[in-house]
Amino acid sequence: MRLRNIPGSREAIAASPYVVHEDVMKEKRGCWSQVFGNEHPLYIEVGMGKGRFITELALRHPERNFVGIEKYSSVLLRALEKREEQQELVNLMFLRMDAEEITEVFGENEVAGIYLNFSDPWPKDRHAKRRLPSKEFLARYDRILARDGHVEFKTDNRGLFDFALEQAGLAGWHLDACTFDLHHDEVMVQGNIMTEYEERFSAEGNPICKMIISR
């Protein structure tokens, strides 16, 4: 999918007080409690898209801190627009960065939970290591995740979900919960926050898969 460039998006991001910028983000490694000014547990969404999910999550959980990570400026700009409508939020910040660099930005055991929602499937086999639930990325999550932390992954792409289940097993992670039809799973659907993609795909009749894994 080709992303539409929005003129001025980089400038708007650079001026935003809700973004930890590229020139200083690596200085925050191991020190995110100082960024938020408290010792609340830290949760991140990798590839947050337009920010609907993590913004709603931050509203529901003021006792937690959240960081949304997005690579593309034009997409991050949409998340910032949502963030600016919720100025009472003090527990949500954003990063514009490539997810491959997360171990340079977050310290060992610093992250309580990681959310992956409707990630790019990178369908070609030679790009498998770029998929966010791949064993390569699981190794990165292992380095920053608290010992009792977890990773939650949602997608409508059954092939990608099967790949994620396989990769978790190969990497030695524990499958805590799993469903192939989230919206008809009475237990796992409780408290579910839909992303923009999830709302659209489920309205088209596509079942949503979700898994929760830990070490």
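Numbers for residues simply follow the sequence, beginning at 1.
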Within 45° cone and under 6.0 Å: Arg131 NZ/CZ vs Trp122 ring:
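No cation-pi geometry.
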If you draw a 6.0 Å radius around CD in Glu204, do more than 12 non-hydrogen atoms from other residues or ligands fall strictly inside?
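Yes, enclosed.
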Within this structure, what is the OG1-OH distance for the pair Thr195 and Tyr197, rounded to the nearest 0.5 Å?
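It comes to 8.5 Å.
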Shared hydrophobic cluster, Phe66 / Met97 (ILVMFWY, side-chain heavy atoms < 4.5 Å):
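Each belongs to a different hydrophobic cluster.
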Pi-cation contact, Phe137 with Arg140 (under 6.0 Å, within 45°)
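Cation-pi check for Arg140 and Phe137: passes.
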Could you walk me through whether Ile69 and Met48 pass the side-chain contact (heavy atoms from CB on, under 4.5 Å) check?
CA-CA 6 Å; Ile69 298 169; Met48 68 171 178; over 6 Å; no
Compare every heavy atom of Lys26 with every heavy atom of Val105, then report the nearest pair and how far apart it is.
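So the two residues come closest at CG2-CG, 4.3 Å.
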Salt-bridge contact Arg29-Glu104 (side-chain N to carboxylate O under 4.0 Å):
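Between Glu104 and Arg29 there is no salt bridge, as every charged N stays at least 4.0 Å from the carboxylate O atoms.
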Answer yes when Glu56 and Arg60 have at least one side-chain N-carboxylate O distance shorter than 4.0 Å, and no when they do not.
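Answer for the salt bridge query: yes.
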Tell me if a side-chain donor or acceptor on Trp173 pairs with a main-chain N or O of His150 at a distance below 3.5 Å.
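Absent.
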Any Tyr141 side-chain heavy atom under 4.5 Å of Ile102 side chain:
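Yes, their side chains come closer than 4.5 Å.
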Linking I/L/V/M/F/W/Y whenever any side-chain heavy atoms sit under 4.5 Å apart, do Leu76 and Leu132 land together?
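No.
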Quick one, Phe36 with Met93, criterion side-chain contact (heavy atoms from CB on, under 4.5 Å). Give me CA distance, side-chain angles, the key distance, then yes/no.
CA-CA 9 Å; Phe36 290 100; Met93 297 293 290; 3.7 Å; yes
Is Trp32 reachable from Tyr43 through a run of hydrophobic residues whose side-chain heavy atoms are each under 4.5 Å from the next?
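Different clusters: Tyr43 never reaches Trp32 through Ile, Leu, Val, Met, Phe, Trp or Tyr contacts under 4.5 Å.
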I need the single residue from Asn206, Asn192, Thr155, Asn117 that forms a side-chain hydrogen bond (donor to acceptor under 3.5 Å, both in side chains) with Glu198. Which is it?
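Exactly one candidate clears the test, Asn192.
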Would you say the side chain of Lys154 lies within less than 4.5 Å of the side chain of Phe118, judging by non-hydrogen atoms?
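With C-beta onward as the side chain, the pair touches.
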Any Arg52 side-chain heavy atom under 4.5 Å of Lys82 side chain
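SC-SC contact between Arg52 and Lys82 confirmed.
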Do any N or O atoms from the side chain of Arg215 and from the backbone of Gly172 form a donor-acceptor pair under 3.5 angstrom?
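Between the backbone of Gly172 and the side chain of Arg215 there is no qualifying donor-acceptor contact (under 3.5 Å).
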Measure from the side-chain N and O atoms of Ser119 to the backbone N and O of Leu116, and report whether any donor-acceptor pair falls under 3.5 Å.
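Side chain of Ser119 to backbone of Leu116, a donor-acceptor pair under 3.5 Å: no, none is there.
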Spell out, as yes or no, whether a donor-acceptor pair under 3.5 Å connects the side chain of Ser134 to the backbone of Lys129.
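Indeed, once roles are kept as given, a pair shorter than 3.5 Å links the two residues.
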Could you tell me whether the side chain of His183 and the main chain of Val189 form a donor-acceptor pair under 3.5 Å?
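Between the backbone of Val189 and the side chain of His183 there is no qualifying donor-acceptor contact (under 3.5 Å).
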So how far is it from Leu95 CG to Ile13 CD1, rounded to the nearest 0.5 Å?
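That separation rounds to 11.5 Å.
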Measuring from Thr103:OG1 to Glu110:CD, what's the distance to the nearest 0.5 Å?
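It is 12.0 Å, given to the nearest 0.5 Å.
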Linking I/L/V/M/F/W/Y whenever any side-chain heavy atoms sit under 4.5 Å apart, do Ile144 and Ile54 land together?
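Ile144 does not cluster with Ile54.
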For Leu42 and Phe106, run side-chain contact (heavy atoms from CB on, under 4.5 Å): C-alpha distance rounded to whole Å, both residues' side-chain angles, the deciding distance at 0.1 Å, then the answer.
CA-CA 10 Å; Leu42 177 65; Phe106 300 98; 3.9 Å; yes
Does any part of the side chain of Phe161, heavy atoms only, come nearer than 4.5 Å to the side chain of Leu165, both counted from C-beta?
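In contact.
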Find out if a path of hydrophobic residues (ILVMFWY) with successive side-chain heavy-atom gaps under 4.5 Å connects Met25 to Val19.
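No, Met25 and Val19 fall in different hydrophobic clusters.
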Asp181 versus Pro207, closest heavy-atom pair with distance:
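Closest approach of Asp181 to Pro207, heavy atoms only: OD1-CB, 3.9 Å.
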Tell me, with the steps shown, if Glu81 and Arg78 meet salt bridge (Lys or Arg N to Asp or Glu O under 4.0 Å).
CA-CA 5 Å; Glu81 291 170 349; Arg78 298 309 187 201; 3.1 Å; yes
At their closest point, which heavy atom of Phe94 faces which heavy atom of Leu80, and how far apart are they?
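Closest approach of Phe94 to Leu80: CD1-CD2, 3.5 Å.
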Find the distance between NZ (Lys50) and OH (Tyr72) and round it off to the nearest 0.5 Å.
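If we round to the nearest 0.5 Å, Lys50:NZ and Tyr72:OH are 14.5 Å apart.
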Within-4.5 Å side-chain heavy-atom neighbours: Asp120 and Leu160:
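They are not in side-chain contact.
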Do you know the tightest heavy-atom contact between Leu89 and Leu59?
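Closest pair (atom of Leu89, atom of Leu59, distance): CD2-CD2, 3.6 Å.
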Could you walk me through whether Ile208 and Phe180 pass the side-chain contact (heavy atoms from CB on, under 4.5 Å) check?
CA-CA 6 Å; Ile208 307 302; Phe180 296 98; over 6 Å; no
Could you tell me whether Glu22 and Arg96 make a salt bridge, using a distance below 4.0 angstrom between a side-chain N and a carboxylate O?
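Salt bridge present between Glu22 and Arg96.
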Mark yes when over 12 heavy atoms from residues, nucleotides or ligands other than His184 sit less than 6.0 Å from its NE2; otherwise mark no.
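Open.
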How close do Arg158 and Cys209 get, heavy atom to heavy atom, and via which atoms?
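Looking at all heavy atoms of both residues, the shortest contact is CD-SG, 4.2 Å.
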Just so I know, are the side chains of Tyr18 and Glu84 near enough to count as touching, which here means a heavy-atom distance under 4.5 Å?
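A side-chain contact under 4.5 Å exists here.
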Considering non-hydrogen atoms only, spot the tightest contact between Asp176 and Ser214 and give its length.
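Distance-wise, the nearest heavy atoms are OD2-OG, 2.9 Å.
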Are Thr55 and Leu92 packed together at the side-chain level, in the sense that at least one heavy-atom pair is separated by less than 4.5 angstrom?
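Answer yes - side chains close enough.
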Which value, rounded to the nearest 0.5 Å, describes the distance between Phe163 atom CZ and Gln167 atom CD?
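With rounding to 0.5 Å, CZ (Phe163) is 3.5 Å from CD (Gln167).
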Take atom CD of Glu186 as the centre, draw a 6.0 Å sphere, and report whether it contains more than 12 heavy atoms from other residues, nucleotides or ligands.
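No, because the 6.0 Å sphere around CD of Glu186 holds 12 heavy atoms or fewer from other groups.
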Got a second to check how far Arg64's CZ is from Leu57's CG, nearest 0.5 Å?
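Answer for the CZ-CG pair, Arg64 versus Leu57, is 6.5 Å.
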Determine yes or no for a side-chain-to-main-chain donor-acceptor pair under 3.5 angstrom, with Asn91 supplying the side chain and Ala58 the backbone.
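Looks like yes, one N/O pair under 3.5 Å.
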Given the side-chain rings of Phe153 and Tyr115, with only the six-membered ring counted for Trp, is the space between their centroids under 6.0 Å?
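Between Phe153 and Tyr115, the centre distance exceeds or equals 6.0 Å.
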Glu63 atom CD: more than 12 heavy-atom contacts under 6.0 Å:
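Yes, enclosed.
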I'd like to check Phe201 versus Asn157 (side-chain heavy atoms, cut-off strictly below 4.5 Å). Are they in contact?
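Not in contact.
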